[in-house]
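Okay, structure first, notes after.
Chain A is the first sequence line, chain B the second, and so forth, proteins listed ahead of strands; every chain is numbered from 1.
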Amino acid sequence: MNNTNLLQISDLHVEVEDRIILNGLNLDVAPGELHAIMGPNGSGKSTLAQVLAGRDKFEVTSGSIQFKDSDLLSLEPEERAREGLFLGFQYPVEIPGVNNAYLLKAALNAKRAVNGKQEVDAFEFMKLIKDKMELMQIPTDFLNRSVNEGFSGGEKKRNEILQMLMLEPQLAVLDETDSGLDVDALKVVATGINTLRSPERATILITHYQRLLELVVPDYVHVLYDGQIVKSGNKELAQTLDERGYDWVKIETEKK
Amino acid sequence: MRTEDKEFSDLVKQKYQHGFVTDIEQELVPPGLDEDVVRLISKKKGEPLFLTNWRLKAYRHWLTMDEPTWAHVKYTPIDYQSISYFAAPKNLDDAPKSLDEVDPALLETYDKLGIPLHERARLAGVAVDAVFDSVSVATTFKEKLGEAGVVFCSFSEAVKTHPELIEKYLGSVVPQRDNFFAALNSAVFSDGSFVYIPKGVRCPMELSTYFRINAANTGQFERTLIIADEGSHVSYLEGCTAPMRDENQLHAAVVELVALEDAEIKYSTVQNWYPGDENGVGGIYNFVTKRGDCRGANSKISWTQVETGSAITWKYPSCILRGENSIGEFYSVALANNYQQADTGTKMVHIGANTRSTIISKGISAGNAENSYRGLVRIMPTAHGARNYTQCDSLLIGDQCGAHTFPAVESRNRNAQIEHEATTSKISDDQLFYCRQRGLSEEDTVNMIVNGFCRDVFKKLPMEFAVEAQALLNVSLEGAVG
Ligand SMILES: Nc1ncnc2c1ncn2[C@@H]1O[C@H](COP(=O)(O)OP(=O)(O)O)[C@@H](O)[C@H]1O
Ligand SMILES: [Mg+2]
């Protein structure tokens with residue numbers, strides 16, 4: 001056991017609607033690290049992200065997840081969030097009628113309350129968010145729009161990163177934040193992710209493509225296949241996967 | 001202050017105090033309804049003959065009518081002979097002596113709603129004269145209104161002080177025979193409010209503030225009449241966000257509004273009668289007839305309602321747009337949780353040329369509740385250039401509840417413009433999870449989404465009530481998820 005880990009996933013088994021999706025997955029993440037998780041479509045990457053965040057339609061049939069000092073699986077989704085776990089959604093949902101700024105301010109204050117900090121008011125909130133919006137190239141009027149409503153795919157993803165920057169999570173799990181982005185938007189998103197990297201924080205980047213990993217350099221790259229992490233390496237592994245695809249990993253795995 | 005004014009305000013003060021004196025001997029009228037009971041009610045209230053006869057006419061007609069069954073609500077039949085139609089004065093011996101004796105759950109609700117401390121005792125029905133505290137406040141208001149020439153008093157008082165206005169306007173908007181419940185109300189109405197705004201006067205305050213202090217015990221057959229004379233303006237708020245208990249299950253109120261030329265009436269309601277428990281036991285049946293008559297040219301009547309209470313709500317605040325260029329508006333939030341049933345909406349009847357109406361209805365259903373919007377837009381052949389815009393949105397929380405819309409349009413003028421938009425949405429698991437992932441509780445998430453859904457209507461409420469109405473929705477939705 002490595003007690004310096006921020007996150008420790010041990011022998012995780014997950015089912016949805018009686019189908020086994022994760023089948024004995026192990027992963028340790030220490031503070032300061034950035035892990036990339038790659039893998040073919042449908043291999044269970046989003047499932048892993050959602051289980052970490054506490055989505056209850058995925059049933060954990062065995063295994064354990066330790067986050068900081070807590071048994072993560074015993075916490076409600078909102079408790080996990082307030083403890084510093086952030087999920088950047090692959091498909092951020094639209095919430096008509098709910099103001100973007102209102103949600104984010106409520107989220108920030110919910111987290112501050114847990115840490116015994118005072119609530120921020122609208123004025124302080126604006127002060128905090130201003131630079132971050134510039135960094136994410138999000139125009140100010142977005143704050144007064146309904147959450148994700150009518151946002152383009154790229155805008156939704158940049159909005160996710162903006163939320164992350166405001167909430168300053170200790171562990172960020174970003175699910176395909178790079179998909180559907182053009183080169184410029186990809187750079188903006190990469191800058192956002194890099195801004196938050198620090199020795200205390202860790203990131204799990206779920207991605208399909210290696211192009212993000214050129215801008216956000218991972219410490220580890222893992223391949224998820226058949227419900228397990230079947231291969232781990234450094235950033236060169238991402239390069240190889242980009243060139244050769246996943247078939248060779250599949251063949252290698254099946255041989256074992 | 002000139003002596004004349006001083007005398008006048010003293011007079012007003014006196015009249016007000018008089019209003020609090022009960023001029024009815026304590027006596028119980030046994031349950032049941034016949035002509036003698038109607039006569040007795042009128043006699044006890046010391047009414048003039050025209051009013052006694054008016055009640056009797058209504059009663060006779062009521063006998064020939066059947067209870068309506070078209071609404072999308074279900075309830076066990078009401079036995080009209082088992083109701084006592086003359087409310088005996090309240091027995092103060094049974095009332096709590098102080099807030100310490102009041103159900104802590106109720107106090108907790110007041111707290112959540114932010115009800116001011118000095119109002120809580122009265123709302124909880126504490127026997128100690130909590131009213132004393134507010135009499136001075138009320139008197140100040142009354143003075144200010146008196147100076148402007150505004151008449152604002154109980155209906156019974158107005159029968160004595162302004163019989164000519166009562167005779168002229170009573171039943172002129174909601175005729176006695178209008179419907180079963182209106183006819184019943186016309187025969188046996190208990191009390192309510194009366195407002196007269198003289199020509200050209202802009203009422204110097206929201207009539208809400210005063211009313212809230214003074215509202216208790218208007219009885220189950222409330223009758224309200226508001227007249228805005230030419231060029232006048234008034235904003236009136238009925239009800240209270242605090243849950244009010246009432247022993248009477250059946251409430252059948254009638255509210256009539258008259259706006260003469262260039263006059264404007266804004267009528268806002270927050271209705272939070274006891275909805276019954278979470279299994280659907282108990283609760284008020286709220287069968288209300290509310291109608292406004294834009295009698296003069298360029299007049300405007302605007303209804304805003306937030307309906308969260310009652311086991312059954314049957315209510316269609318309407319506008320008759322008679323005057324040219326007159327405007328009718330209906331902004332509604334109706335929330336039904338647990339086993340509540342709400343059938344509410346509006347009627348806009350366009351008679352005058354260039355009349356305009358706007359309908360914005362937001363229905364929220366949770367638990368096992370049924371929520372229906374029922375609306376009618378009728379354009380008469382005379383209503384050249386009439387326009388209506390209707391937007392009707394439903395929000396579902398959970399999958400055991402129902403939302404229904406019954407919009408009807410009858411246009412008999414070809415150049416009228418009628419627009420209708422409707423949406424139904426559900427708070428999805430994805431939305432809940434997204435917000436919880438950001439650190440909000442499930443309850444806060446639902447409240448946030450519901451408040452966002454209702455924003456367009458809340459905007460129309462007087463400011464202070466918008467805040468209260470929001471808190472009220474949150475309290476009413478407690479336990480709707482999870
Ligand atoms: N709600 C669900 N019901 C049934 N199957 C699901 C559900 N969610 C995901 N799956 C299945 O689980 C597998 C993994 O999905 P996912 O985790 O989204 O993969 P990835 O993100 O790696 O593309 C897929 O085969 C998918 O069809
Ligand atoms: Mg995925």
Side-chain angles (χ1 to χ4, degrees), chain A residues 49-58 75-115 144-149 156 159-160 162-164 166-169 172-173 175, chain B residues 306 331-333 335 360-364 391-399 403 421-460 466-467 469-471 473-474 477 481-482:
Chain A
Q50 302 265 331
V51 167
L52 288 172
R55 185 87 199 226
D56 59 8
K57 73 177 171 195
F58 299 100
L75 301 180
E76 293 294 322
E78 58 269 36
E79 294 171 320
R80 302 180 192 199
R82 294 171 195 160
E83 281 297 317
L85 190 148
F86 179 90
L87 170 61
F89 286 79
Q90 182 172 7
Y91 305 108
V93 68
E94 300 189 357
I95 315 179
V98 173
N99 190 288
N100 219 8
Y102 184 93
L103 169 66
L104 191 46
K105 184 164 149 280
L108 185 62
N109 283 329
K111 192 172 173 193
R112 290 175 69 93
V114 170
N115 297 328
N144 290 322
R145 288 174 52 183
S146 293
V147 176
N148 293 317
E149 197 181 33
K156 282 181 184 166
N159 195 42
E160 293 289 293
L162 174 69
Q163 293 181 346
M164 179 186 81
M166 283 298 280
L167 296 172
E168 301 184 322
V173 181
D175 191 0
Chain B
V306 176
Y331 302 106
S332 169
V333 166
L335 179 148
I360 308 235
S361 160
K362 306 278 179 175
I364 302 150
Q391 186 188 328
C392 193
D393 300 322
S394 307
L395 182 68
L396 298 166
I397 303 171
D399 43 25
E421 285 177 30
T423 66
T424 300
S425 52
K426 187 170 178 296
I427 297 187
S428 69
D429 290 346
D430 284 344
Q431 289 170 333
L432 277 173
F433 183 67
Y434 186 85
C435 296
R436 292 178 77 189
Q437 206 308 299
R438 295 301 180 249
L440 276 70
S441 69
E442 200 161 8
E443 201 167 292
D444 287 346
T445 303
V446 170
N447 289 341
M448 184 177 68
I449 294 175
V450 168
N451 284 323
F453 177 74
C454 300
R455 187 172 304 125
D456 290 346
V457 173
F458 286 166
K459 276 198 307 219
K460 301 292 176 182
V467 177
Q470 191 165 332
L473 279 202
N474 298 352
L477 275 172
V481 288

[X] portion near chain B, given a 4.5 angstrom heavy-atom threshold:
X: A:Asn109; result: neither
X: A:Leu167; result: side chain
X: A:Val114; result: neither
X: A:Arg55; result: both

**Request:** Sort B:Asp444 into side chain, backbone, both or neither according to what part of it lies under 4.5 angstrom from a heavy atom of chain A.
**Result:**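 Looking at B:Asp444, nothing touches chain A.
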**Message:** Tell me which of these, A:Pro92, A:Pro96, A:Ala107, has more heavy-atom pairs under 4.5 Å with chain B than the rest.
**Reply:**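 The option with the most such pairs is A:Ala107.
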**Request:** Flag the one option from A:Lys111, A:Glu79, A:Gln50, A:Arg82 with the top tally of heavy-atom pairs under 4.5 Å to chain B.
**Result:**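 Highest number of pairs under 4.5 Å: A:Arg82.
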**Asked** Would you say the side chain of B:Tyr434 lies within less than 4.5 Å of the side chain of A:Val147, judging by non-hydrogen atoms?
**Response**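 Yes, at least one pair of side-chain atoms sits under 4.5 Å.
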**Asked** Below 4.5 Å, heavy atoms only, C-beta onward: do B:Ser428 and A:Glu94 meet side chain to side chain?
**Response**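 No. Closest side-chain heavy atoms not under 4.5 Å.
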Considering all heavy atoms of both residues, which atom of [X] and which atom of [Y] are nearest to each other, and what is their separation?
X: A:Val93; Y: B:Asp430; value: CG1-O, 3.7 Å
X: B:Gln431; Y: A:Ile95; value: NE2-CA, 3.9 Å
X: A:Ala81; Y: B:Gly439; value: CB-N, 3.5 Å

**Message:** So which residue, B:Asn451, B:Asp429, B:Thr445, ends up with the most heavy-atom pairs under 4.5 Å with chain A?
**Reply:**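 That would be B:Asp429.
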**Message:** What's the separation between atom CD in A:Glu78 and atom CD in B:Glu443, rounded to the nearest 0.5 Å?
**Reply:**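 Spacing of CD (A:Glu78) from CD (B:Glu443) equals 11.0 Å.
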**Message:** For the backbone of A:Leu85 and the side chain of B:Gln437, can you confirm whether one donor and one acceptor N or O come within less than 3.5 Å of each other?
**Reply:**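 The answer is yes, because a donor-acceptor pair under 3.5 Å joins these two groups.
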**Request:** Give me the ring orientation class for B:Phe433 and A:Phe89: parallel if the planes are under 30° apart, tilted from 30 to 60°, perpendicular past 60°.
**Result:**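 Perpendicular.
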